[in-house]
Amino acid sequence: MSDALSRLCSELIAAGQFFHSRGWVPATSSNFSARLDAETLLITSSGQHKGRLEAGAGFLRVDLQGVSLDAGKRPSAETGLHMLMYRRDPAMGCVLHTHSVNATVLSMRMQQVALEGYEVQKAFPGVETHEGSLLIPVFPNSQDIPALAREVDAWLEANPQTVGYLIRGHGLYTWGATVADAQRHVEALEFLFECYYRQLLLDR
Ligand SMILES: CSCCC(=O)C(=O)COP(=O)(O)O
Ligand SMILES: [Zn+2]
C-alpha cells in the first residue's frame, strides 16, 4: 500500500470513529471518499460500519466514473454522488456523507435550510462574517443515484458557493480540499443544524 493511500485510509478511519462517537454514522450508513491523484479516488466499500473501518476491507480505489480498480471490492452504493464532486473540481480532496438525526429530521420538514446569523458559518472557505446566509438545499431522496447526481450537479452549476446539501430523509453531503477540511465542514454543519432545530422548537 502506498504512503498516500495508507495516510488517507488512516484519516478517513479516524473521521469515521469521530462521527460514530457523535452518532452521525448509525448502522452501516454513510460513506467517505478522498482523492489519491488526478484520476484515482479512494472510497469506502459498500455496507461497512463507518465507525469501525479497516484499511484493507473498508476501502477501494475507483476511477472518476466510479468504476472499481480493485477487483472483488464493491464501492459505496452512492459512489456517483462522490464522483460528481471530483469531476467538477480538480482541487476537491474529500467528500463525506453522514446520517445524523438532526440532518435527517430537518430534511423531512424543510425545502431548504437557510443558516443565518451564526458565527460558526465562518468555518467555511470565503465566509468572513456571520451576517450572510448559508443555503443548504434539500433534494428528494432517490435510489436512482445517477439521476440524483445529475440534479445535484445542476444545482451546483447554478449555485457554486454551496457548501453542502441534504437528501430528504437520508443525510448530509459536504466536502473539502482535504479530509480535515471536509471533517470540519461536517462538524460545523452538524452544530448549525442543532442550533437551527433548537431555534425552531423555541419559536413554536
Ligand atoms: C443502511 S444506510 C443505507 C445506505 C446509505 O444510505 C449509505 O449511506 C451507506 O451506503 P454504502 O453503500 O456506502 O454502505
Ligand atoms: Zn446514505
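We're numbering straight along the sequence, starting at 1. Just so you know, ligand 1 is whichever comes first in the structure, and atom 1 is the first atom listed for that ligand. Reckoned from all heavy atoms, side chains included, excluding hydrogens, waters and symmetry mates.
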Peer 1: Return a yes/no value for Q48: is any of its N or O atoms, backbone included, closer than 3.5 angstrom to an N or O of ligand 1?
Peer 2: no

Peer 1: For atom 11 (P) of ligand 1, which of the options G171, P75, S46 provides the nearest non-hydrogen atom?
Peer 2: S46

Peer 1: Quick test: of every protein heavy atom, which one is nearest to atom 13 (O) of ligand 1, and how far off is it to 0.1 Å?
Peer 2: S76 OG, 2.6 Å

Peer 1: Verify side-chain hydrogen bond (donor to acceptor under 3.5 Å, both in side chains) between H170 and H97, making sure each step is shown before the conclusion.
Peer 2: CA-CA 10 Å; H170 183 161; H97 166 54; 3.1 Å; yes

Peer 1: On the 0 to 90° scale, with breaks at 30° and 60°, tag the F19-W24 ring pair as parallel, tilted or perpendicular.
Peer 2: tilted

Peer 1: Tell me: protein heavy atom nearest atom 14 (O) of ligand 1, and distance?
Peer 2: G47 N, 2.8 Å

Peer 1: Specify the protein heavy atom at minimum distance from atom 1 (C) of ligand 1: its residue, its atom name, and the distance to 0.1 Å.
Peer 2: T28 OG1, 3.6 Å

Peer 1: I'd like to know if H170 contacts ligand 1, where contact means a heavy-atom distance under 4.0 Å to any ligand atom.
Peer 2: yes

Peer 1: Below 4.0 angstrom, counting only protein heavy atoms, does anything approach atom 9 (C) of ligand 1?
Peer 2: yes

Peer 1: Between Y165 and Y173, what is the ring plane arrangement, given parallel below 30°, perpendicular above 60°, and tilted in between?
Peer 2: parallel

Peer 1: Taking 4.0 angstrom as the limit and counting only heavy atoms of S30, give me the atoms of ligand 1 inside it, by number and element.
Peer 2: 7 (C), 8 (O), 9 (C), 13 (O)

Peer 1: Looking only at distances, please establish whether an N/O atom of ligand 1 is found under 3.5 Å from an N/O atom of S29.
Peer 2: no

Peer 1: Using a 3.5 Å cut-off on N or O atoms only, is H99 in polar contact with ligand 1?
Peer 2: yes

Peer 1: May I ask you to decide whether D181 forms a salt bridge with R184, counting only side-chain N to carboxylate O separations under 4.0 Å?
Peer 2: yes

Peer 1: Tell me the angle that NE2 of H97 and NE2 of H99 form around the Zn ion (ligand 2), rounded to 10°.
Peer 2: 90°

Peer 1: Would you mind telling me which of T44, I43, L42, T79 makes a side-chain contact (heavy atoms from CB on, under 4.5 Å) with L60?
Peer 2: I43

Peer 1: Would you mind finding which of H82, H97, E78, Q143 brings a heavy atom closest to atom 4 (C) of ligand 1?
Peer 2: E78

Peer 1: Contact between A27 and ligand 1, counting heavy atoms under 4.0 Å?
Peer 2: no

Peer 1: By the definition side-chain contact (heavy atoms from CB on, under 4.5 Å), identify the one residue from F32, F18, F59 that meets it with I13.
Peer 2: F59

Peer 1: Which is the closest N/O/S atom of E78 when seen from the Zn ion (ligand 2)?
Peer 2: OE2

Peer 1: Enumerate the atoms of ligand 1 whose separation from the nearest heavy atom of K50 is less than 4.0 angstrom.
Peer 2: 14 (O)

Peer 1: Within the 4.0 Å heavy-atom shell around A77, which atoms of ligand 1 are there?
Peer 2: 11 (P), 12 (O), 13 (O)

